[in-house]
Structure formats: structure tokens, C-alpha cells
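Everything quoted here is computed from the prediction, not taken from an experiment.
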Number of protein chains: 2
Amino acid sequence: MESERPLYARVSDDLRSKIRVGAYPPGTRLPSRPEIRDEYGVSDAVAKQAIGVIIAEGLAQARPGSGTYVVERPPVRKLVRAWYGRRGLGSPFRASMAEQGHRGAWAYESERVQAPPDVRERLALPEPTGQPEVLRTDYVFTTDDRPSMLSTSYEPLDLTEGTDIVIPEEGPHAGRGVVDRMATIGVVIDRWDETVGARAGSAEECRLLDIPLGSVVMTITRTYEAAGRTVEVAFIVLSADLFVLGYAGEVPRDGAG
Amino acid sequence: MESERPLYARVSDDLRSKIRVGAYPPGTRLPSRPEIRDEYGVSDAVAKQAIGVIIAEGLAQARPGSGTYVVERPPVRKLVRAWYGRRGLGSPFRASMAEQGHRGAWAYESERVQAPPDVRERLALPEPTGQPEVLRTDYVFTTDDRPSMLSTSYEPLDLTEGTDIVIPEEGPHAGRGVVDRMATIGVVIDRWDETVGARAGSAEECRLLDIPLGSVVMTITRTYEAAGRTVEVAFIVLSADLFVLGYAGEVPRDGAG
DNA sequence: TCGAATTTGTGCGTATGTATC
DNA sequence: GGATACATACGCACAAATTCG
């Protein structure tokens with residue numbers, strides 16, 4: 001004997017499939033709780049629970065006093081993070097956006113600070129001295145005037161202090177990306193490393209990104225190396241609804257490595 | 001007047017903070033619904049809703065007849081997807097797991113099928129003939145005996161039919177990864193491409209991965225190319241709680257590209 | 001501008017089924 | 001078998017937000 005699927009699940013299954021096939025297109029209102037009660041012949045609690053499942057799956061959003069609406073999914077944009085034989089890592093966001101015909105812009109705030117422990121470790125900084133050792137820059141990137149990506153970057157001041165690139169977004173080389181900027185002071189970045197994760201966004205992140213509470217975000221921890229030394233760390237957060245990340249490369253020949 | 005936080009939310013807030021500070025360590029049982037009723041002086045419905053919030057956040061899991069238990073968070077594992085100057089792409093899962101001292105295993109099921117539209121496009125297949133054109137293989141990978149990753153791969157039969165690698169996990173080259181297997185029939189894979197996204201897992205995915213409903217998953221769409229032709233497509237799903245993905249490479253010299 | 005109707009959010013009480021211990 | 005605990009389900013009530021005449 002197969003166990004019967006719960007009543008609320010059968011209702012939510014029906015709603016879900018109707019959304020998928022387009023019977024309830026994006027932006028339209030789902031049946032209200034009383035309507036579901038009548039249409040399916042179920043109790044108010046079951047109607048509520050069924051809608052709750054749909055909302056939890058991110059297929060719809062409730063607007064108190066108005067109704068529950070099928071979400072309008074903005075088209076996903078591909079953010080190319082790495083590809084072979086081509087120079088683009090210096091500012092992937094700006095390059096990718098421009099390539100896809102979107103207006104990319106950003107706001108920033110730079111500050112000299114002491115490095116938090118995880119940054120200290122990655123940048124291989126010596127024991128804390130009480131003095132600021134890194135320049136932290138917080139970015140909010142926008143695409144077509146909507147916030148799309150957060151980034152916090154750290155650069156060691158012993159490399160950049162006193163040069164005209166110490167503040168990434170000021171001076172003659174503003175907006176050119178880490179790789180190009182560092183090159184102007186003789187620091188040749190030759191390796192990159194990105195660690196990609198995903199989780200539910202924090203309240204603060206969802207607010208800054210202007211996405212619903214609990215939305216899924218992707219996180220990227222990026223480091224740049226020059227001659228074996230890590231010269232930049234960045235913590236990047238972006239909405240998983242708006243972006244996918246692209247990585248590509250060559251498969252090494254058999255003997256290599 | 002600030003609006004009062006809902007009753008159930010105050011209860012779930014309290015439970016959450018107690019979990020975070022270690023008052024309820026991983027593996028311990030949370031108070032039962034009747035206990036919550038008494039301790040907080042709320043109704044059964046509120047107790048149930050509060051626990052539901054905690055479960056939905058993935059902090060606890062319910063075991064009917066026994067109780068609701070704080071989840072034991074396994075440490076996050078890094079899945080290295082690409083790194084420079086080293087051969088590892090053939091079977092990233094198996095290589096990564098072995099390197100970190102975990103037991104990796106997998107179950108599979110292969111079937112000759114007609115290609116779905118998105119696969120047809122990526123593999124550049126001609127118009128459908130009604131005959132099976134691709135071999136689909138569904139994998140469930142396990143790490144230390146727990147399911148950790150799902151993968152569905154498609155390989156065009158016109159390349160592999162009649163060879164001893166037509167079924168990836170059978171024959172003399174079983175378990176050796178796409179790159180190595182294809183090499184034995186003269187197909188030299190020279191490029192890879194991965195598109196990474198994230199979202200809430202579907203009910204089916206969460207069931208197969210044995211993670212709470214609504215857990216965040218990462219998705220990877222991977223393609224392998226040999227001499228300009230895409231010879232494999234794989235759709236990979238893994239729990240974002242269990243894994244991060246690692247990509248690394250060289251920054252091209254200035255003139256390149 | 002106001003108020004009535006609608007809709008979601010929250011909350012209470014109760015009952016039955018089923019899994020665990 | 002009995003006690004406990006969660007899952008499902010019904011019915012009801014009121015508050016808050018929205019909509020619309």
C-alpha cells in the first residue's frame with residue numbers, strides 16, 4: 001500500500017503545476033484562501049498551508065490585504081568569472097555587464113582598518129600592531145539602476161600606501177580593476193582563486209540588494225596572487241535569482257601536472 | 001510605537017538564539033510542543049509554528065514520535081572544480097573527496113533516450129528522429145555514506161554507441177571520468193565550461209539528498225568540448241550546506257587574447 | 001474622505017493518525 | 001501495549017493591510 005499524499009500537498013501540487021504550465025502567469029493573483037476552500041473543498045488551514053508551501057518554494061509572494069501573486073522572474077544574467085586566453089578578470093562585473101548591454105554602476109566606501117582574522121590569515125599579515133594594515137572598500141554594484149551585487153575588498157596597505165592607487169576608486173586609475181591598478185605599481189597579479197558558496201541571504205544583505213527576505217544568495221571569496229603573495233581578498237555576495245556564474249577553461253594535456 | 005513581533009516569532013527567536021549560543025547543542029532534542037506550550041505559555045498552534053520556522057531555517061529536523069533535534073552541521077567541504085596546471089577535471093568529485101580523506105561512492109542508472117530540448121541544443125544534435133540519440137546517466141553520489149550530490153549527464157550516442165565506453169560506469173573504463181573515457185575512443189576533450197547557480201532545492205532533490213525541504217542547493221551545468229564539439233553535458237545539484245566550489249587559474253599576461 | 005469588503009497574518013481549541021520509544 | 005510526539009486536518013475568530021466604490 002502506498003501512503004496517500006497529504007491533502008495540503010495535493011493542493012499545492014496542483015497550484016505549482018498550474019503555475020509551471022502558465023495557467024497562472026507571472027504577476028497574476030493566485031486564488032485566495034476562501035476561493036481555495038471552495039474550489040478544492042478543503043478547510044481554511046489546508047488552504048493556508050498549501051499556499052505556504054508555494055510561497056516557501058519562492059514561486060509566489062503574499063501581499064497582505066491584496067492577495068498572493070506569482071513572482072515575476074527577472075531574466076538571469078551570466079557573470080563570466082574566468083575564461084581561457086582572454087584578459088577579463090580585472091573587472092569581471094563591469095566587463096560582463098557591458099558585454100550584455102547593461103548599464104553597470106557602483107557606489108563605494110573606502111576605509112583604512114585593521115584586518116579581521118580571516119583576512120589577516122589570507123593576506124599573511126604579521127601580528128596586529130594596533131595600526132590600520134589594510135584598506136577595506138565596500139561596494140554596492142547596480143545593474144540598470146537596481147542593486148545586484150555587494151563586495152567587500154581588502155588590500156594590504158604596505159603595498160599601496162603612498163601610491164596613487166591606494167584608494168581603488170580614486171586617482172588616475174579609478175575603476176580599472178585590481179589587476180590593472182596593481183600593475184601600475186609593479187605588482188603583477190598572476191593567479192586568482194574563487195570559492196563559491198550559496199545560502200539564504202541575511203536581513204542586511206537582502207535589504208541592500210533589494211530582494212525579499214530569505215532570498216538565496218551566492219557568495220564568492222576571491223583572492224589574487226602576485227608572485228606567490230596574496231595581494232587582494234574580496235568577499236562578494238549576489239542574488240542567485242539574478243545571476244549565474246560562468247567558469248571555463250582548457251583541459252590540461254595528459255602529461256601535465 | 002513599534003509594532004510587536006508575532007508570538008510565534010518571539011518563540012522561534014528564542015529557540016534560535018539558544019541554538020546559536022549552544023544551549024541546545026547539535027544533536028540534542030528541542031522542547032516538545034507540549035513543553036513549549038507550558039514554558040512559553042502559548043497555544044499548541046503557536047508552538048508548532050515556532051518549531052516550523054526553526055525547521056524551515058534548517059536548524060533542526062523533526063522525527064515523528066521522537067522529537068525535534070538540532071541538526072549536526074557537517075563541516076563544509078571544498079569541491080575543487082578547476083585549477084591550473086594539473087589534471088583533475090576527469091572526475092572532480094572522486095578526486096576531491098579522496099584528497100580530503102573522505103569515502104566517495106556513487107550509484108547510477110543509464111538509459112538510452114531522446115534528448116530534451118536544452119540538451120539537444122547544447123550538443124548540437126540534428127532534428128529528432130524518434131530514435132534515442134543520447135545516453136542519459138543519473139548519478140547519486142555519496143560522501144561517507146551520506147548522499148551529497150546529484151548529477152544527470154548526457155552523451156551523444158553517435159560518438160559512443162558500439163564502443164566499450166557507451167555505458168559510463170560499465171566496461172573496462174568504468175569510473176574513470178568523462179575525459180579519460182572519451183580519450184580511449186580518440187575523443188580528446190580540450191575545453192570545459194561550468195555555469196554555477198543557486199536556488200532552493202525542489203522536494204525531489206531534497207529527498208534524494210536527504211536534506212530539509214527548502215534547503216539551498218547549488219547547480220552546475222557543465223559541458224565538455226572536444227575540437228569545438230560539445231561531447232558531454234551534465235546537470236549537477238549539490239547541497240550548499242555541505243559544499244563550496246573552488247575555481248582557480250592563471251591571470252593571462254597583458255598582451256594575450 | 002470614508003467605509004465596507006476582501007485578503008492575508010496570526011492565534012486558539014480540538015481531533016485523528018502514525019511513528020517512536 | 002501504552003505513552004509520547006509529530007503530522008495532518010477541521011473550524012473559528014480577530015487584526016492589519018489593501019482595494020474600491
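Whole-Å rounding puts the Q61(A) CD to dG9(C) P distance at 11 Å. We find that CG of L30(A) is positioned 16 Å from C1' of dT6(C), with the value rounded to whole Å. Across the protein-nucleic acid pair, I36(A) atom CD1 and dC10(D) atom P stand 13 Å apart, rounded to whole Å. Distance Y40(A) OH to dT8(D) P: 18 Å, rounded to the nearest Å. In this structure, CZ of R63(B) is placed 6 Å from P of dC21(C), rounded to the nearest angstrom. Rounded to an integer number of Å, the gap from CZ of R33(A) to C1' of dT7(C) is 8 Å. Taking atom CD of E39(A) as the reference point, atom P of dT7(C) lies 12 Å away to the nearest angstrom. For the pair R10(B) CZ and dG9(C) P, the computed distance is 18 Å after rounding to whole Å.
Among the nucleotides dC12(D), dC12(C), dT7(C), the one closest to any side-chain atom of R29(A) is dT7(C). Checking dA5(D), dT8(C), dA9(D) against the side-chain heavy atoms of A62(A) singles out dT8(C) as nearest. You'll find that the side chain of D44(B) is closest to dT14(C), out of dC21(C), dT14(C), dC10(D). In this structure, the nucleotide among dA9(D), dG11(C), dC12(C) sitting nearest to the side chain of Y8(B) is dG11(C). The side chain of Q49(A) sits closest to dT8(D) out of dT18(D), dT8(D), dC10(D). Of the candidate nucleotides dT19(D), dG11(C), dT10(C), dT10(C) has the atom lying nearest to any side-chain atom of K48(A). With dG11(D), dG13(C), dA7(D) as the candidates, the nucleotide lying closest to the side chain of P64(B) is dA7(D). Across dT7(C), dA9(D), dA5(D), the shortest atom-to-atom separation from the side chain of E35(B) is found for dA5(D). The side chain of P34(A) lies closest to dT8(C) when the candidates are dC6(D), dT8(D), dT8(C).
Phosphate contact (OP1/OP2 of dT7(C), side-chain N/O of S32(A), threshold under 4.0 Å): present. A close approach under 4.0 Å does occur between a side-chain nitrogen or oxygen of S43(B) and OP1 or OP2 of dC12(C). Considering only side-chain N and O atoms, T68(B) lies under 4.0 angstrom from the phosphate OP1 or OP2 of dC6(D).
Side-chain N or O atoms of Q49(A) include none that pairs as donor or acceptor with a backbone N or O of V46(A) at under 3.5 Å. Between the side chain of E133(B) and the main chain of A115(B), a donor-acceptor pair closer than 3.5 Å is present.
Relative orientation of the Y247(B) and W192(B) rings is parallel, given thresholds of 30° and 60° on the angle between their planes.
Along DNA chain C, the nucleotide nearest I55(A) and the nucleotide nearest R37(B) are compared for position; the residue whose nucleotide lies closer to the 5' end is I55(A).
Between R222(A) and E232(A) there is a salt bridge, since at least one side-chain N of the basic residue sits less than 4.0 Å from a carboxylate O of the acidic one.
Within the 4.0 angstrom heavy-atom criterion, only backbone atoms of the sugar-phosphate kind lie near L7(B); the bases stay farther away.
Heavy-atom contacts from other residues, nucleotides or ligands closer than 6.0 Å to CD of E39(B) number more than 12.
No option in V140(B), L242(B), L208(B), L238(B) other than V140(B) meets the side-chain contact (heavy atoms from CB on, under 4.5 Å) test with P147(B).
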